[in-house]
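We use all heavy atoms of the structure for the numbers below, so side chains are in, but hydrogens, waters and symmetry mates are not.
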Amino acid sequence: MNKKELVSLVKNMTIDEKIGQLQQLTGNFYTDSEAEITGPLNESGLTTEMVANAGSVLGLSGAEELIGIQRDYLESSRLKIPLLFMADIIHGYRTIFPIPLGLASSWDPILMKETAEVAAKESALSGLHVTFSPMVDLVRDPRWGRVMESTGEDPLLNRQFAKAAVEGYQGEDLRNDLNRIAACVKHFAAYGAPEGGREYNTVDMSERMLRDMYLPSYKAAIDAGSKLVMTAFNTVDSIPATANKKLNRDILRDEFGFDGVLISDWAAIKEVIAHGVAGNDKEAAKLALEAGVDIEMMTFCYQHFLKDLLAEDLVSIDLVDEAVLRILELKEDLGLFENPYRGANAEAEERWVFSQEHQDVAERAAKESIVLLKNNQQALPISETEKLALIGPFVDNGEILGTWSWKGNPKETETIKTIFEQEPKKIEASYVPMADVNNLTKEELNGALNVAQKADKLVLLLGENFMMSGEASSRTNLQLPQAQLDLIAALAELNKPMILVLFNGRPLELTAIEPQFEAIIEAWFPGTKGAKALHDILFGKVNPSGRLTMSFPRNVGQVPIYYNHFNTGRPIDYDDLENKYVSKYLDVANTPLYPFGYGLSYSNCSYGTLASTKETYRMSEKIEISLDVTNNGNRAAKETVQLYTRDIVGQVVRPVKELKGYHKIDLAPNETKKISFTLDSNDLAYVHSDLTLTTDSGEFEIMVGPNSEEVQTILIHLTK
């Protein structure tokens, strides 16, 4: 249908049919045979007619089932408007990739795009049309559980990964490429900055900070063509995002030019009552519609009260019509009017979902995402002649997928023990699993000590239970569970070389245990092929190349800690640490334990002298920076060369450094490559106090290195 035909269709709809399009229901409204008596229909106060008019469904999948639901729905539909099927496909459908924070550690947006393509294909073949991804919230506080779903603390990387994910999900021709699904960027806006790192909590920041650091990633996803945007649970400028007209109409629609569908997060419309800006469901419905929210997810304020609001002239029918039209345009963009079953194909679903081809991508993604944090005395890679003891809750545990692995199956996920035992060349290894990350039995401890005494090296596979990070999983204690700390302490008494492998969804506090280990690997929740990827890194078949996109604190008292912080009027002087009257802690260093951009490899890369083609540039000129990077090791390596800048004197205070570019390069043993960066004045722009995005003239520090702390610096001048 063209736009004119869709407008005509809206005019032909009854009020009930229009309101129905604005309602999203969970799948059990369509699959629960007892729904009318005891199930969701009875609890929600919806009638069977309201369910029959609903425009979208959340949380179902499977080609045959969704084809059947769509067929039944259309048979009873007066206007034959098809349903939309949506789901949380966050880092894979059934083939699960590393969590997004892990994928970001690859510093490879092309890889992010490829994983989104695979997720889209599996989802589309299984009957889905929309994924609630990517989450592009900038995050600086690891206490917040949803850091696992983010790509970290840097605006540049967040923008690039947001764009890549949208392009991977939607492709170049969403309507005709039946292996694609529509993306929904979330959560608009600033959901990643809740006070105290507490889920659903208040967000309070200046509009200048919001525009400078937080909004650019959403804008990048929208510019990439994201078909949907999801509102956030939090407040923005003391107004809940879901009822925030300035945020959703003035900024999102008018300023950013977004003309797609705005959907609430789960129950977020009704929650504006708890926030305290609406007195009841009716007022909540009015505020959300006026703010531009098109679809209400799993509360029923629109369904129960829009009709009354229209009859009382408290809202305009034009607002309802524009919301309905946007939803119908999305269905048309997906080709659903012409092909309501779209990509759903049971035979292709069987062929491609969890296929070997897709698992191969998952394995490559896991290898690129794992970060080597420590490697003293070349403890890694492990020699195949060494006798090993593998100890901990992740020795023989398929729960390495992460919270948002909806269709991932831990029972079909290879474990570390399984991979070790499958190797053609038998490794001499003993295994002591723990049944629970939070509990260490006397038998498990004794077994670990007995096995460890006979081993050359101990590999401890520790971390969080998958439910300890993700939504509604905020924590004030970022250390490993006490049972695991007790295990480490007991094994350390044996004075055996110990290697720590971490499975987790957030940066952890490792300061107390870090000295006990010769090597530390951050594996995140690595997904379907995480065990195989980890095995190959442990034994040197793969040279680790992951780099952190979120700082690891020395202790939770430093949080939030992030590399692109502001200076103060009394900055710390690392050459005069005795000076008390500066901005510092008395009991811990101001620096993170592991900084943004950090990661080791089995090779040693050195950086030559940083140079610029000249010292002074005009605004209209390109800034050219270069240096040589050499792999001094005997292994091929991937090195991520990072460029940071600092505006020395800004119109407002500027961060001490900001990532402005990077190159992930392959280096053969003993190979040297000349690495060049090109910047222009737009790369140095920031949001000024009048909220304009402009560039200052003056002095800029240009910094290049392997991470945000180990950099060399030159000074350039930018003139009009």
Side-chain angles (χ1 to χ4, degrees), residues 134-141 144 150-163 166 185-195 201-224 226 229-260 262 291-292 549 560 562-567 619 644-647 649-660 679-697 700:
M135 189 184 102
V136 302
D137 304 322
L138 186 143
V139 183
R140 293 170 164 174
D141 192 334
W144 191 51
S150 80
T151 51
E153 67 189 46
D154 179 70
L156 174 65
L157 287 177
N158 284 356
R159 293 199 307 270
Q160 293 181 346
F161 284 120
K163 178 177 183 290
V166 171
V185 63
K186 61 186 188 183
H187 307 82
F188 199 71
Y191 186 42
E195 288 184 357
N201 202 11
T202 299
V203 172
D204 188 14
M205 70 173 65
S206 69
E207 184 173 350
R208 201 208 65 77
M209 177 63 74
L210 178 71
R211 288 178 174 276
D212 198 40
M213 293 288 176
Y214 289 82
L215 291 185
S217 56
Y218 307 103
K219 179 67 160 53
I222 291 162
D223 289 346
S226 182
V229 170
M230 181 183 288
T231 66
F233 286 119
N234 55 274
T235 56
V236 177
D237 197 20
S238 300
I239 300 173
T242 307
N244 197 313
K245 188 174 181 180
K246 177 179 177 180
L247 184 68
N248 297 322
R249 288 199 181 271
D250 297 350
I251 296 177
L252 179 63
R253 297 230 183 258
D254 295 343
E255 190 176 324
F256 289 180
F258 178 68
D259 60 0
L262 182 62
T549 62
Y562 48 95
Y563 88 94
N564 48 358
H565 59 84
F566 291 159
N567 220 1
M619 289 279 190
Y644 300 85
T645 68
R646 181 183 182 187
D647 190 342
V649 179
Q651 190 262 339
V652 297
V653 174
R654 298 305 301 144
V656 296
K657 55 174 69 79
E658 298 178 88
L659 182 71
K660 295 297 182 181
L679 301 175
D680 61 32
S681 61
N682 290 328
D683 294 314
L684 304 176
Y686 65 91
V687 177
H688 285 56
S689 59
D690 63 359
L691 304 184
T692 60
L693 183 67
T694 54
T695 305
D696 300 328
S697 58
F700 290 82

Any side-chain heavy-atom pair of W144 and D137 under 4.5 Å: yes
For residues P655 and N567, determine if any side-chain heavy atom of one lies less than 4.5 Å from a side-chain heavy atom of the other. no
Quick one: list whatever passes side chain to side chain contact (heavy atoms under 4.5 Å, CB included) with D647, sequence neighbours left out. R654, Y686, D696, F700
Check whether any side-chain heavy atom of L157 lies under 4.5 Å from a side-chain heavy atom of T151, and answer yes or no. no
List for me each residue that meets ring-ring contact (aromatic ring centres under 6.0 Å, His included) alongside F161, sequence neighbours excluded, and say none if there are none. none
Take atom NZ in K186; do more than 12 heavy atoms of anything else shown fall under 6.0 Å from it? yes
T692 and D690: side chain donor to acceptor below 3.5 Å: yes
Is a side-chain donor-acceptor pair under 3.5 Å present for S689 with Q651? yes
Contact between M213 and E658 at the side-chain level, heavy atoms closer than 4.5 Å - yes or no? yes
Any side-chain hydrogen bond (donor to acceptor under 3.5 Å, both in side chains) involving residues 248-259? Give me the pairs, sequence neighbours left out, ordered by first then second residue. R211-E255, R249-E322, R253-D294
Smallest separation among heavy atoms of L262 and G292, with atom names: CD2-O, 3.4 Å
State which residues pass ring-ring contact (aromatic ring centres under 6.0 Å, His included) with F256; sequence neighbours excluded, sorted by chain then number. none
Just checking, any donor-acceptor pair under 3.5 angstrom between side chains of Y562 and D154? no
Taking the side chain as everything from C-beta on, heavy atoms only, tell me whether K246 gets closer than 4.5 Å to E207. yes
Under 3.5 Å donor-acceptor, N201 side chain and E195 backbone: yes
What's the shortest heavy-atom distance between S681 and T695, and which atoms? O-OG1, 2.7 Å
Closest approach of V166 to P134 (non-hydrogen atoms, all atoms of both residues): CG2-CD, 4.0 Å
Might you work through the ring pair (Phe, Tyr, Trp, His ring centres under 6.0 Å) test for Y563 and Y644, ending with a clear yes or no? CA-CA 11 Å; Y563 88 94; Y644 300 85; 5.5 Å; yes
Please output the side-chain donor-acceptor pairs of residues 233-241 that fall under 3.5 Å, not counting sequence neighbours, one pair per line with the distance.
unit_1, atom_1, unit_2, atom_2, d
N234, ND2, A189, O, 3.0
T235, OG1, V203, O, 3.4

Smallest separation among heavy atoms of F566 and V656, with atom names: C-CG1, 4.2 Å
Give every residue pair that meets the salt bridge (charged side-chain N to carboxylate O under 4.0 Å, His left out) criterion with at least one member in residues 213-224, sequence neighbours excluded. K219-D223
Heavy-atom closest pair, residues A162 and S217: CB-O, 3.7 Å
